[in-house]
Amino acid sequence: MERMTRVRAGALLVLFSLIVCLFALKLYEEQIIKTDGQTDNTKTFTTYTRVKAARGEILDCKGNVLVSNRASYDLVFIHYVILSAEGTNDYLLDLVELCRQMEIPYNDHFPVTKDAPFAYTLSDYNSTWQGYFQSYLREVDLDSDISAPLLIKKLRERYRIPQEWSDADARAVIGLRYELDLRGDITNLPNFVFCEDASSEALAAILELNIPGLKTETSTVREYNTQYAAHILGYVGAMSKDQWEYYKGLEGQKYAMDALVGQSGFELAFEEYLHGTDGTRVDKYTVDGTLVEQYYLKDENGVEQKPVSGKNVELTIDLSLQRTAEDSLEALITALRATAVEGQYVDGADVEGGAVVVMDVKTGRVLACASYPTFNLGTYFEDFDTLKEAEFAPLYNRALQATYAPGSTYKMSMVIAGVQAGEIDHTTLIEDKGIFTKYEPFTANCLKWTLNHDTHGYINAIQALEKSCNYYFYELSDRISINIMDSVAKGLGLGESTGIELGEELGHRANPDEKAELYANTQDDNRWYTADKIMASIGQSINKFTPMQLCVYTSTLANRGVRYKATFLNRVVSSDYRELEYENEPQILSKMTISDEAYYAYTEGMRAVAKTGTASGTFAKYPIEVAAKTGTAQHSNSKTVSDHGAFVCYAPFDDPEIAVVVYGEKAGHGTTMGQIAKEILDTYFENPEVGDVNTGENTIS
């Protein structure tokens with residue numbers, strides 16, 4: 001009996017020893033293995049946070065900051081914390097309902113419509129997001145071809161969403177649970193950024209909810225420091241599917257999938273300089289959200305992945321000239337509209353918009369580029385729906401995208417062509433007969449004849465430019481070939497790419513090939529006639545060019561045939577302004593030989609325009625000698641629609657520095673536009689106000 005008792009006691013002792021060993025092993029696993037040697041009994045989770053890099057600033061040529069960054073706050077989820085909390089779904093629903101009430105936008109990449117009947121929206125997302133969704137389906141053990149309604153049903157069950165919740169509420173919470181689950185073991189995505197650039201009001205209201213795991217992160221957003229240059233500064237926005245496919249494979253660049261990139265203007269054109277490189281921060285949290293360790297991740301070379309700000313871009317734009325251009329253009333157009341009389345036709349009162357381009361003649365640097373009407377970049381997204389439907393198309397960049405008949409500003413090209421062809425010199429006289437009748441029934445009038453049946457008599461090339469006599473150029477065009485006319489116009493940059501960094505229209509030069517192509521798929525006759533050549537000589541026919549092209553043309557005239565690449569880029573400097581990263585040098589696109597005789601003829605003609613001709617009301621007494629040309633371009637057969645007005649000039653006459661082009665849609669006369677050019681020259685040369693507008697294009701003299 002005693003022996004059996006000892007055996008039982010021994011067995012109990014062995015069993016007790018085994019139990020103690022099992023507990024010891026379990027404690028070792030929990031306290032040593034799972035805590036990586038930490039013995040404070042605190043379980044930690046590691047997360048990765050993308051630290052956004054500030055975008056580079058955009059400055060004018062004098063160092064004025066046009067676009068910068070302001071501090072902002074993002075709301076970021078630490079997914080381990082919120083998913084470990086009691087009542088995760090309730091917290092998320094409270095958050096969603098608050099965002100609905102306050103109209104706070106938040107991120108949700110779950111590819112299913114927000115309301116029933118549910119349908120997939122995968123086509124709205126790039127291939128990477130689509131891949132994440134497929135990985136998610138595999139993780140939750142659902143077929144890739146599951147229908148959207150069935151998916152919502154299955155996920156309601158998975159996330160234990162109460163049946164009494166509405167479909168919209170359930171879908172909203174599922175969308176957030178999806179974002180949080182992606183940050184677990186499914187992808188290597190950084191922490192979920194719930195809301196970006198939260199207002200102080202939104203931030204306070206959301207933080208009052210005390211959502212577990214919801215933290216604030218500092219960031220930056222674009223800030224516009226000027227009301228000017230909206231059409232060319234551009235804006236940033238989230239990447240489209242196509243943009244992501246491009247940027248993710250860009251050599252030497254690192255882009256996060258939700259990074260903001262330039263969408264238009266300089267923000268897009270100079271994206272390679274402005275874009276910074278985001279950093280990756282490692283955060284270690286306890287399950288209750290306490291941060292215990294923080295450091296930057298290191299790359300394969302042991303270098304910390306800290307954020308690197310983008311480079312600063314210095315433009316060729318001079319803000320003072322840009323301001324003058326926009327303000328003067330707005331003032332003139334507003335004044336013209338104010339002359340309207342209900343039920344009556346008033347010349348120029350139906351003006352729709354206009355453009356101004358100012359260029360450094362010796363370098364091709366664009367000093368101002370204005371389009372009117374314009375808009376406020378700071379509220380672009382809020383105003384977009386209104387702007388796209390607004391009268392006179394304020395989003396339309398007329399300086400680069402609109403193509404117009406140049407009217408009489410084309411006539412300098414004709415003078416060069418006539419001299420180069422050996423048909424005229426500056427003394428050659430052509431009689432203005434009032435009506436050009438050689439190819440009747442086609443006829444073309446000189447305006448002086450149209451007004452009072454008078455003519456300019458016998459005039460030479462200089463006088464023809466001064467008085468803008470159309471008949472002279474009808475006759476001249478009949479003496480030379482269209483090939484010579486077209487070759488000279490091309491050499492001066494008309495209908496050619498200016499090389500500018502922003503997108504531009506090329507327009508059309510009037511020649512047989514262009515006409516055949518232009519009307520190839522239309523009901524219009526695409527054959528070339530002599531009448532086309534006659535009308536092309538005064539900047540009509542199918543001649544259509546942008547104001548930017550006209551400014552390059554004017555600069556090339558000033559440079560005696562040397563055509564510079566137009567550019568907005570001056571230089572690029574480091575984010576701290578200490579190092580020069582890139583300096584843009586002037587580039588010559590082409591050189592055209594212009595004889596002494598041709599050069600004398602058109603330059604003296606342009607000087608006469610300013611001194612005694614169609615622009616004399618503005619520039620006759622101007623203290624700096626100016627070379628100019630006015631242009632009035634017909635674009636409609638209606639007698640109740642005003643003509644377009646164009647004005648080109650460069651100054652000083654004997655050593656050109658600056659070229660100015662002003663164009664007004666339905667402004668009535670090119671001479672009217674000359675006042676804007678004078679104000680720009682005033683700003684450039686810091687001259688006092690001089691002169692006034694009181695003469696008309698192709699006037700009686």
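Quantities reported herein were computed from a predicted structural model and do not represent experimental measurements.
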Asker: Under the salt bridge (Lys or Arg N to Asp or Glu O under 4.0 Å) criterion, do E475 and K438 qualify, and how do the steps go?
Answerer: CA-CA 9 Å; E475 178 65 32; K438 183 175 179 178; over 6 Å; no
Asker: Considering only distance and modelled atom types, tabulate donor-acceptor pairs under 3.5 Å from the side chains of residues 645-657, sequence neighbours left out.
Answerer:
from, atom 1, to, atom 2, distance (Å)
D655, OD1, K362, NZ, 3.1
E657, OE1, Y684, OH, 2.9

Asker: Counting distance only, does the side-chain N/O of D432 pair as donor-acceptor with the main-chain N or O of G434 below 3.5 Å?
Answerer: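 Flag set: sc D432 to bb G434 pair under 3.5 Å.
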Asker: Can you confirm whether E625 is buried at CD, in the sense that more than 12 heavy atoms of other residues, nucleotides or ligands lie under 6.0 Å from that atom?
Answerer: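 Atom CD in E625 is packed in, count exceeds 12.
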Asker: Donor-acceptor check, side chain of D383 to backbone of T386, threshold 3.5 angstrom: yes or no?
Answerer: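 Answer holds: no.
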Asker: Answer yes or no: does atom OH of Y345 have more than 12 heavy-atom neighbours from other residues, nucleotides or ligands under 6.0 Å?
Answerer: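 Buried by this count: over 12 neighbours within 6.0 Å.
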Asker: Short question: side chain of S590, backbone of R563 - any donor-acceptor pair under 3.5 Å?
Answerer: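 No, because the side chain of S590 does not come within donor-acceptor range (under 3.5 Å) of the backbone of R563.
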Asker: So how far is it from E352 CD to H644 NE2, rounded to the nearest 0.5 Å?
Answerer: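 Taking CD in E352 and NE2 in H644, the distance rounds to 8.0 Å.
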Asker: Apply side chain to side chain donor-acceptor pair (under 3.5 Å) to the pair Y404 and E665, showing each step before the final yes or no.
Answerer: CA-CA 9 Å; Y404 305 107; E665 289 178 1; 2.5 Å; yes
Asker: Hey, which of N460, T612, I459 is the one that makes side-chain contact (heavy atoms from CB on, under 4.5 Å) with E466?
Answerer: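 Exactly one candidate clears the test, T612.
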Asker: Applying the side-chain contact (heavy atoms from CB on, under 4.5 Å) test to Y602, which of I462, I594, V419 qualifies?
Answerer: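 The side-chain contact (heavy atoms from CB on, under 4.5 Å) with Y602 is passed solely by I594 among I462, I594, V419.
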Asker: Are any side-chain N or O atoms of T671 and backbone N or O atoms of T614, one a donor and one an acceptor, separated by less than 3.5 Å?
Answerer: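 Side chain of T671 to backbone of T614, a donor-acceptor pair under 3.5 Å: yes, one is there.
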Asker: Show your reasoning for whether side chain to side chain donor-acceptor pair (under 3.5 Å) applies to S541 and N543.
Answerer: CA-CA 6 Å; S541 182; N543 277 323; 6.0 Å; no
Asker: Measuring centre to centre across the rings, with the benzene-like ring taken for any Trp, is F375 within less than 6.0 Å of H231?
Answerer: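 Between H231 and F375, which both carry aromatic rings, the centre distance is below 6.0 Å.
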Asker: Does S642 use its side chain to pair, donor to acceptor, with the backbone of D350 at less than 3.5 Å?
Answerer: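 No: the side chain of S642 does not pair with the backbone of D350.
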Asker: Testing the 3.5 Å rule here: is there a donor-acceptor pair between the side chains of S468 and S408?
Answerer: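 Short answer, yes.
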Asker: Using modelled atom types and a 3.5 Å cut-off, is there a donor and acceptor pairing between side-chain atoms of K533 and backbone atoms of S477?
Answerer: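 Yes; judged by distance alone, with no hydrogens or angles, the pair exists.
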Asker: Would the number of heavy atoms belonging to other residues, nucleotides or ligands and lying under 6.0 Å from CZ of R560 be above 12?
Answerer: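 Yes, enclosed.
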Asker: Looking at E597 and H426, would you say the former's side chain and the latter's main chain have a donor-acceptor pair under 3.5 Å?
Answerer: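 Pair found, side chain donor or acceptor close to backbone of H426.
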Asker: May I have the step-by-step check of side chain to side chain donor-acceptor pair (under 3.5 Å) for S328 and Q675, ending in yes or no?
Answerer: CA-CA 8 Å; S328 299; Q675 181 64 26; over 6 Å; no
Asker: Spell out, as yes or no, whether a donor-acceptor pair under 3.5 Å connects the side chain of E501 to the backbone of F266.
Answerer: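 Absent.
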Asker: Does any N or O in the side chain of Q549 come within less than 3.5 Å of the main-chain N or O of T546, such that one atom is a donor and the other an acceptor?
Answerer: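 Between the backbone of T546 and the side chain of Q549 there is a qualifying donor-acceptor contact (under 3.5 Å).
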Asker: Indicate the ring-plane relationship of F436 and Y474, choosing parallel, tilted or perpendicular according to the 30° and 60° boundaries.
Answerer: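 Tilted.
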